[in-house]
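A quick note: this is a predicted structure, and the numbers were derived from the prediction, not measured.
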Amino acid sequence: LYKRREENKVMIVLCDGAPSGHNGTYSGKLIRELKYTVKKIRAHGISLFCFGIKTKKVEQFYAPDVEIVHSLKDLDKKALKKLGQFLLTKRKKKRIKN
């Protein structure tokens, strides 16, 4: 996405918790790397939104743009609704800046 020329870029993440191996010896490193990567993505003007699948753990990595989905049956409806709200909010903020 960094190299794309489009003005508005959005990354959607589906996540079921912490990075793989977070309970092992690499725990701190993986978490730091994930937080750094999320920060870098946003710093490059890419909007990032995360759907946490049956966990609130993702909030510590992707907040404030997170929606928790407790049932996979609800993912499609909830995703479309929240994504629409998210994109409209980002678009309004961008217009105000310009």
Side-chain angles (χ1 to χ4, degrees):
L1 286 176
Y2 294 126
K3 294 179 182 181
R4 301 283 306 199
R5 293 184 181 189
E6 289 84 359
E7 186 176 332
N8 297 314
K9 301 173 196 173
V10 178
M11 177 179 281
I12 301 166
V13 176
L14 300 173
C15 185
D16 64 350
S20 179
H22 75 282
N23 289 326
T25 57
Y26 299 109
S27 177
K29 183 175 177 139
L30 292 173
I31 289 172
R32 280 191 306 277
E33 187 65 26
L34 176 57
K35 287 180 179 182
Y36 168 77
T37 301
V38 168
K39 190 174 185 177
K40 182 178 173 184
I41 288 166
R42 289 182 171 145
H44 279 84
I46 299 169
S47 298
L48 187 140
F49 192 89
C50 177
F51 288 99
I53 311 296
K54 298 183 178 185
T55 181
K56 290 186 176 189
K57 184 94 174 154
V58 297
E59 291 173 338
Q60 75 182 46
F61 309 114
Y62 300 100
D65 301 313
V66 175
E67 179 68 22
I68 307 303
V69 179
H70 298 286
S71 169
L72 291 178
K73 292 179 195 173
D74 299 333
L75 181 60
D76 57 348
K77 292 177 214 158
K78 207 168 197 180
L80 287 174
K81 182 178 178 182
K82 287 305 276 186
L83 215 48
Q85 292 170 348
F86 174 73
L87 293 173
L88 288 174
T89 301
K90 293 292 182 186
R91 187 177 214 176
K92 287 178 186 176
K93 286 180 184 176
K94 196 161 203 156
R95 281 189 196 159
I96 291 170
K97 286 182 183 178
N98 295 334

Hey, can you pull the donor-acceptor pairs under 3.5 Å for the side chains in residues 37-44, sequence neighbours left out?
residue: T37; atom: OG1; partner: E33; partner atom: O; Å: 2.8
residue: R42; atom: NH1; partner: A63; partner atom: O; Å: 3.3
residue: R42; atom: NH2; partner: L48; partner atom: O; Å: 3.4
residue: R42; atom: NH2; partner: Y62; partner atom: O; Å: 2.8
residue: H44; atom: ND1; partner: K40; partner atom: O; Å: 2.9

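- Within a 6.0 Å sphere centred on OH of Y2, heavy atoms belonging to other residues, nucleotides or ligands number more than 12.
- Distance check, rounded to the nearest 0.5 Å: CD of E6 to CD1 of I46 gives 11.0 Å.
- In the hydrophobic clustering of this structure, V69 does not group with L80; members are Ile, Leu, Val, Met, Phe, Trp, Tyr whose side-chain heavy atoms approach within less than 4.5 Å, directly or through other members.
- Contact between V58 and C50 at its shortest, heavy atoms only, is CB-SG, 4.0 Å.
- Remark: I12 CD1 to F49 CZ distance equals 9.0 Å, nearest 0.5 Å.
- Every residue two or more places apart in sequence or in another chain that forms a side chain to side chain contact (heavy atoms under 4.5 Å, CB included) with K35 is listed here: I31, F61.
- Looking at residues two or more places apart in sequence or on another chain, you find no side chain to side chain contact (heavy atoms under 4.5 Å, CB included) involving K77.
- Note on Y36: it does not cluster hydrophobically with L30, by side-chain heavy-atom contacts below 4.5 Å among ILVMFWY residues.
- Here the side chain of K78 pairs a donor or acceptor atom with the backbone of I68 at under 3.5 angstrom.
- Atom NZ in K81 sits 11.5 Å away from atom CG in D74 (nearest 0.5 Å).
- A donor-acceptor pair under 3.5 Å links the side-chain atoms of K9 to the main chain of R4, judged by distance alone.
- In this structure, C15 and T55 approach most closely via the heavy-atom pair O-CG2, 4.3 Å.
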